[in-house]
Engineer: 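Right, I'll just put the structure down here and ask away after.
Worth saying up front: this structure is predicted, and the values here are computed from it rather than measured.
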Amino acid sequence: MAASPTDPWQWRERLLAEMVLAPAVESVPLRRAAGRLLAQSLHSPEDIPSGPVSAMDGFAVRSQELTGQGSTILPVSADLPARPGQVPPLARGTAARIMTGAPMPEGADLVIPVEDTDADPEGRAPARVRIAAEASREPGRHLRDRGEEIGRGDVLAEAGDRIGPGLIGLARTLGIAQVPVRAPLRIAVVVTGDELTADDAHQAEGTVRESNGTMLAAALTADGCEARVLRSGDEPAALAEVLADAEESADLVLTTGGIGHGAYDVVKALLGPRGTGTSCFVHLALRPGGPQGAGRLPGGTPVVHLPGTPVGALVGHHLFVRQLLPGGGSPPHAVGLEDPTGLVARSRRREGLVVLAGRLATGPQGAPLVRLLPGRRLAPYGRADALVLGGAAACTGIEDSALVMPL
């Protein structure tokens, strides 16, 4: 990866251009497809309806056999409910009582609604029927032609569309039993640092409970990925072994920590200019989460390097990683801002991007807004459901508004 500028938006665009993830394709039964993303466009295997059918309860007739003036009386030669079975041709000079959805008899080109006749809508089929003078005589009225709803080969949904109940109902109507979907991306999260411990009950002096792996795995799982968490200390050789293990079964690897400017920044030591040189490391004009990096591991697997601080890792994930996943998350958009402290307004005097925690809400007039949450570091993210983007790089130009990205 070439050297990158310190503008967070340019870094985001570079990652999106250079790290195209291609999930595998799997075929799943229709009943298990809800919420999955289509891997390929889905096409109709047949016409709906498969032949002309009645669109009304009424009487199927030949339009040319209706008198031009006044009412028409025709004998009723058939009674056609909407059920399986052969439909005989319409005898000349007769009408066939027909129900909505029943196949049209050969020869008929018009359905007269029962309301335009003297027939009892709920009674037995009459021996003859009087068709009112005002009933439409136009051929093709009140029937649905073959393929009128869906034609064979029509696109039902595009690749990348999320499968919802409507598409499932449509596929079932067409007899589609299996659909091609994107397999979940396999993502390995490698957490670095000798000071980190997985011990929940006891925290020895000089140790920190590891949270980045659990936090990022939860975010990835919520976006439909399969997440695996691995840990490494601060020795480059040990990290190389962990990364090799991660790469064997991952479409993308994330690392957290070890990308600053210190003597023990193991990720940079192993993969940066003094190591393999396969990753690029930058310090973005971004608070929190300025240190970032990306590259390729020896086997070609893309890797994104996030800061070691929990809030920096969370912000980096939502700004830079989530866009690479199927679905891509929501792009930044402007909403009203509720910030009695004026913190967002003050942040606009800073260069670059400042990220704060917010909670989405609805204003008095029903317009969406975001409320800034108090607290420092990771604490406000316990209740947050949005990133509030401040700083000069996120100025909307509209007072009392801010760019947000839902979490």
Side-chain angles (χ1 to χ4, degrees), residues 29-31 33-34 41-157 161 163-179:
L30 191 60
R31 66 182 181 275
S41 296
L42 196 62
H43 297 261
S44 174
E46 58 190 53
D47 294 319
I48 297 290
S50 58
V53 298
S54 175
M56 300 285 286
D57 294 335
F59 291 84
V61 299
R62 288 181 173 86
S63 58
Q64 74 267 25
E65 293 180 347
L66 303 181
T67 55
Q69 300 292 330
S71 60
T72 302
I73 298 176
L74 293 173
V76 177
S77 60
D79 191 14
L80 305 175
R83 65 175 59 150
Q86 289 294 111
V87 176
L90 180 65
R92 290 196 172 276
T94 70
R97 189 171 79 155
I98 193 167
M99 299 296 109
T100 302
M104 291 287 290
E106 183 182 344
D109 63 354
L110 169 65
V111 174
I112 304 296
V114 67
E115 304 96 282
D116 292 338
T117 74
D118 65 350
D120 180 355
E122 299 178 5
R124 297 170 64 87
R128 58 184 57 238
V129 65
R130 180 186 296 274
I131 298 170
E134 59 269 20
S136 173
R137 266 77 166 158
E138 180 185 353
R141 286 283 287 170
H142 304 306
L143 62 87
R144 295 163 53 215
D145 282 327
R146 179 187 183 97
E148 182 177 304
E149 182 179 342
I150 303 166
R152 182 188 295 270
D154 283 356
V155 176
L156 307 176
D161 287 349
I163 299 172
L167 183 56
I168 288 176
L170 183 57
R172 183 72 184 93
T173 298
L174 290 160
I176 298 172
Q178 300 272 135
V179 288

Engineer: Suppose the criterion is salt bridge (charged side-chain N to carboxylate O under 4.0 Å, His left out): which pairs have a residue in residues 72-101, not counting sequence neighbours?
Structural biologist: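 Sorted pair list: Asp79-Arg97.
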
Engineer: With rounding to the nearest 0.5 Å, note down the distance linking OG1 in Thr173 to CD1 in Ile150.
Structural biologist: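 Thr173 atom OG1 to Ile150 atom CD1 measures 7.0 Å (nearest 0.5 Å).
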
Engineer: What residues form a side chain to side chain contact (heavy atoms under 4.5 Å, CB included) with Arg141, not counting sequence neighbours?
Structural biologist: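 Residues passing side chain to side chain contact (heavy atoms under 4.5 Å, CB included) with Arg141: Leu110, Ser136, Glu138.
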
Engineer: Out of curiosity, Met56 CE to Ile112 CD1, how far, rounded to the nearest 0.5 Å?
Structural biologist: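 Result: 10.0 Å between the selected atoms.
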
Engineer: Give the minimum heavy-atom separation between Ala60 and Ala108, together with the two atoms involved.
Structural biologist: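 Answer, listing the atom of Ala60 first, then Ala108: CB-CB, 3.9 Å.
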
Engineer: With heavy-atom distances below 4.5 Å as the criterion, would you say the side chains of Pro49 and Arg146 are in contact?
Structural biologist: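 Answer no - side chains too far apart.
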
Engineer: Give me the atom names and distance for the closest heavy-atom approach of Asp47 to Arg152.
Structural biologist: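 Residues Asp47 and Arg152, closest heavy atoms: OD1-N, 2.7 Å.
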
Engineer: For Pro105 and Pro89, work out which heavy atoms get closest and say how close.
Structural biologist: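 Nearest heavy atoms, Pro105 then Pro89: CB-C, 4.4 Å.
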
Engineer: Please name all residues satisfying salt bridge (charged side-chain N to carboxylate O under 4.0 Å, His left out) with Glu148, sequence neighbours left out, ordered by chain then number.
Structural biologist: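 Expected list: none.
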
Engineer: Roughly how far apart are His142 NE2 and Ser54 OG, rounded to 0.5 Å?
Structural biologist: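 One gets 9.0 Å once the value is rounded to the nearest 0.5 Å.
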
Engineer: For the residue pair Val53 and Pro103, what are the closest heavy atoms and their distance?
Structural biologist: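 Answer, listing the atom of Val53 first, then Pro103: CG1-CA, 4.1 Å.
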
Engineer: If you apply the rule side-chain contact (heavy atoms from CB on, under 4.5 Å), what do you find for Val179 with Leu167, and how did you get there?
Structural biologist: CA-CA 11 Å; Val179 288; Leu167 183 56; over 6 Å; no

Engineer: Ala91: what forms a side chain to side chain contact (heavy atoms under 4.5 Å, CB included) with it, not counting sequence neighbours?
Structural biologist: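 Testing Ala91 for side chain to side chain contact (heavy atoms under 4.5 Å, CB included), a comparison that skips the adjacent residues, returns Ser77, Thr94.
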
Engineer: Can you name the nearest heavy-atom pair linking Val76 to Phe59, along with the distance?
Structural biologist: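 Minimum heavy-atom separation between Val76 and Phe59: CG2-CE2, 4.0 Å.
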
Engineer: Let me check something: any side-chain donor-acceptor pairs from residues 120-134 under 3.5 Å, sequence neighbours excluded? List them with distances.
Structural biologist:
residue : atom : partner : partner atom : Å
Asp120  : OD1  : Glu122  : N            : 3.1
Arg130  : NH1  : Ser71   : OG           : 3.1

Engineer: List the atom of Leu30, the atom of Ile176, and the distance in Å for their closest heavy-atom pair.
Structural biologist: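 Shortest heavy-atom contact: CD2-O, 3.4 Å.
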
Engineer: Return yes if some donor-acceptor pair links the side-chain N/O of Glu65 with the main-chain N/O of Gly93 below 3.5 Å, else return no.
Structural biologist: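 Yes: the side chain of Glu65 pairs with the backbone of Gly93.
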
Engineer: Just by distance, no angles: are the side chains of Ser44 and Asp154 close enough, under 3.5 Å, to form a donor-acceptor pair?
Structural biologist: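 Ser44 vs Asp154: no donor-acceptor pair found between side chains.
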
Engineer: Sequence neighbours excluded, which residues qualify as side chain to side chain contact (heavy atoms under 4.5 Å, CB included) partners of Thr67?
Structural biologist: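 For Thr67 the side chain to side chain contact (heavy atoms under 4.5 Å, CB included) partners, ignoring immediate neighbours, are Thr72, Arg137.
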
Engineer: Would you say Leu174 and Leu156 make side-chain contact, with heavy atoms under 4.5 Å?
Structural biologist: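 Touching, per the 4.5 Å side-chain cut-off.
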
